[in-house]
Amino acid sequence: MFTRTRRLRNSKLLREIVRNVRLSIDELIYPLFVEEGENIREEIQSMPGQYRFSLDNLDAELKELKDLGIKSLLIFGIPKHKDPVGSEAYNPHGIVQEAVRFIKKNYPEFLIITDVCMCEYTSHGHCGILDGCDVVNDETIKYIAQIAVSHVEAGADIVAPSDMMDGRIMAIRTALDEKGYVNTPIMAYSVKYASNYYGPFRDAADSAPSFGDRKTYQMDYRSSKEYYREVEADIEEGADFIMVKPALAYLDVIKAVENVSLPLVAYNVSGEYSMVKAAAMNGWINEKGIVMENMYALKRAGAELIITYHAKEIAKWVKDGEVTL
């Protein structure tokens with residue numbers, strides 16, 4: 001007598017009632033690139049379907065996202081001016097701060113998460129303050145905390161530090177608490193690897209380093225142990241969310257930390273998005289099928305929230321009845 005596992009796959013309805021992995025639009029976070037200037041709606045060449053927007057062109061995009069049922073946004077800023085200390089990152093009237101104010105005033109229903117880093121704002125493209133060619137950790141986290149405070153003062157609901165400096169979560173938590181923002185959560189980029197999957201994003205945000213790389217502060221993908229230390233440290237320092245970035249090549253890491261006591265976020269990054277787009281544009285894959293398979297893989301591995309550039313498309317497919325979640 002052999003086991004008939006196919007019995008529970010015998011019809012679509014049967015498959016639906018026995019499945020145990022679920023996905024909701026509410027669990028998707030959509031990144032937006034906001035650029036300082038006017039009359040900008042520029043498609044990012046290496047990320048088909050993704051755009052840079054100036055504030056005066058943001059309204060139509062936000063209305064569409066609202067109508068599609070997307071509720072959470074991750075805001076990245078591209079300033080006009082860059083300098084060695086990334087001063088536009090913590091300018092109270094910087095591009096992210098003004099974008100947050102605009103969204104909160106006109107679309108208060110969105111949950112706004114802001115990327116807290118310096119690479120888009122420094123003239124050298126690194127994520128902190130330099131001493132020669134080295135990013136100085138303890139000096140940098142003072143600036144990172146200042147950036148986070150400026151975002152929250154503008155109205156951000158959650159701050160998400162992506163710099164990977166040691167002690168940044170504690171520095172941000174202390175700075176926010178001192179300003180009275182004790183209830184503002186921190187979404188920590190806890191497990192962020194020095195990855196080749198970030199290439200298209202660096203085109204999108206003008207954030208490629210002008211020399212060297214980020215391997216002294218972002219994690220080594222050849223190590224299978226250090227992510228435990230990173231997660232534990234961020235939890236101890238006061239993080240409210242834990243993130244793994246990139247996502248698809250790191251499903252084992254997501255699975256390994258899925259039982260942490262905090263919500264687990266996976267960042268389905270630009271390179272992962274662009275590879276799917278390129279293959280789909282060449283007719284090599286079924287785009288909807290691949291995207292949904294990837295999303296469910298992340299959920300199956302343990303992700304509770306997913307940052308993905310596919311969020312808008314997924315919401316459209318659901319609304320048009322092309323995909324059922």
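Numbers here simply count residues along the sequence, with the first being 1.
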Under a 3.5 Å distance rule, please check whether [X] uses its side chain to pair with a backbone N or O of [Y] as donor and acceptor.
| X | Y | answer |
| --- | --- | --- |
| Ser72 | Ile29 | no |
| Tyr198 | Tyr193 | yes |
| Asp134 | Val136 | no |
| Glu226 | Asp220 | yes |
| Asp56 | Asn39 | yes |
| Asp234 | Ala239 | no |
| Ser150 | Ile147 | yes |

Could you give the distance from [atom1] ([X]) to [atom2] ([Y]), rounded to the nearest 0.5 Å?
| X | Y | atom1 | atom2 | answer |
| --- | --- | --- | --- | --- |
| Phe102 | Gln97 | CZ | CD | 16.0 Å |
| Ile75 | Thr114 | CD1 | OG1 | 8.5 Å |
| Leu62 | Ile70 | CG | CD1 | 10.5 Å |
| Tyr107 | Leu58 | OH | CG | 8.5 Å |
| Glu35 | Asn57 | CD | CG | 11.0 Å |
| Thr174 | Ile141 | OG1 | CD1 | 9.0 Å |

So do [Y] and [X] actually touch side chain to side chain, heavy atoms under 4.5 Å?
| X | Y | answer |
| --- | --- | --- |
| Tyr227 | Tyr250 | no |
| Tyr217 | Asp163 | no |
| Val159 | Leu176 | yes |
| Val231 | Val191 | yes |
| Leu55 | Ile95 | yes |
| Lys316 | Glu313 | no |
| Arg7 | Leu14 | no |
| Thr308 | Glu272 | no |

Which atom names give the shortest non-hydrogen contact between [X] and [Y], and what distance separates them?
| X | Y | answer |
| --- | --- | --- |
| Pro200 | Met47 | CB-CG, 3.5 Å |
| Gly238 | Ile186 | O-CD1, 4.4 Å |
| Lys277 | Pro48 | CE-O, 3.8 Å |
| Cys127 | Ile144 | O-CD1, 4.5 Å |
| Pro79 | Glu88 | CB-CB, 4.0 Å |
| Glu139 | Tyr143 | O-CD1, 3.3 Å |

Trace of the side chain to side chain contact (heavy atoms under 4.5 Å, CB included) decision for Glu36 with Ile40: CA-CA 9 Å; Glu36 193 173 5; Ile40 299 169; over 6 Å; no
Paired with Ser87, the side chain to side chain contact (heavy atoms under 4.5 Å, CB included) test is passed by just one of His81, Met118, Lys82, namely His81
Enclosure of [X] [atom1] (heavy-atom neighbours >12, cutoff 6.0 Å):
| X | atom1 | value |
| --- | --- | --- |
| Tyr221 | OH | no |
| Arg15 | CZ | yes |
| Glu109 | CD | yes |
| Arg6 | CZ | no |
| Asp320 | CG | yes |
| Glu293 | CD | no |
| Tyr197 | OH | no |
| Lys104 | NZ | yes |

One thing to verify: whether [Y] and [X] come together as a salt bridge, which I'm taking to mean a side-chain N less than 4.0 angstrom from a carboxylate O.
| X | Y | answer |
| --- | --- | --- |
| Glu232 | Arg229 | no |
| Asp240 | Arg173 | yes |
| Glu64 | Lys312 | yes |
| Lys63 | Asp59 | no |

If hydrophobic clusters are built from ILVMFWY residues whose side chains come within less than 4.5 Å, do [X] and [Y] share one?
| X | Y | value |
| --- | --- | --- |
| Val269 | Ile307 | yes |
| Met243 | Phe76 | yes |
| Leu111 | Leu73 | no |
| Leu262 | Tyr189 | no |
| Tyr267 | Met295 | no |

Could you check whether Arg52 makes a cation-pi contact with Phe33, meaning its NZ or CZ is under 6.0 Å from the centre of the six-membered ring and within 45° of the ring axis?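 Not satisfied by the 6.0 Å and 45° rule.
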Is Lys245 close enough and on-axis enough to Phe201, meaning under 6.0 Å and within 45°, for cation-pi?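 Yes, Lys245 sits over the ring of Phe201.
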Report the C-alpha distance between Ile306 and Glu27 in whole Å, list the side-chain angles of each, state the deciding distance to 0.1 Å, and finish with yes or no for side chain to side chain contact (heavy atoms under 4.5 Å, CB included). CA-CA 6 Å; Ile306 302 171; Glu27 297 166 336; over 6 Å; no
Working note: Tyr309 + Val276, criterion side chain to side chain contact (heavy atoms under 4.5 Å, CB included); need CA distance, chi angles, decisive distance, verdict. CA-CA 11 Å; Tyr309 303 96; Val276 170; over 6 Å; no
Would Cys119 and Arg214 count as a side chain to side chain contact (heavy atoms under 4.5 Å, CB included) here? Give the steps. CA-CA 11 Å; Cys119 60; Arg214 296 177 177 145; 3.4 Å; yes
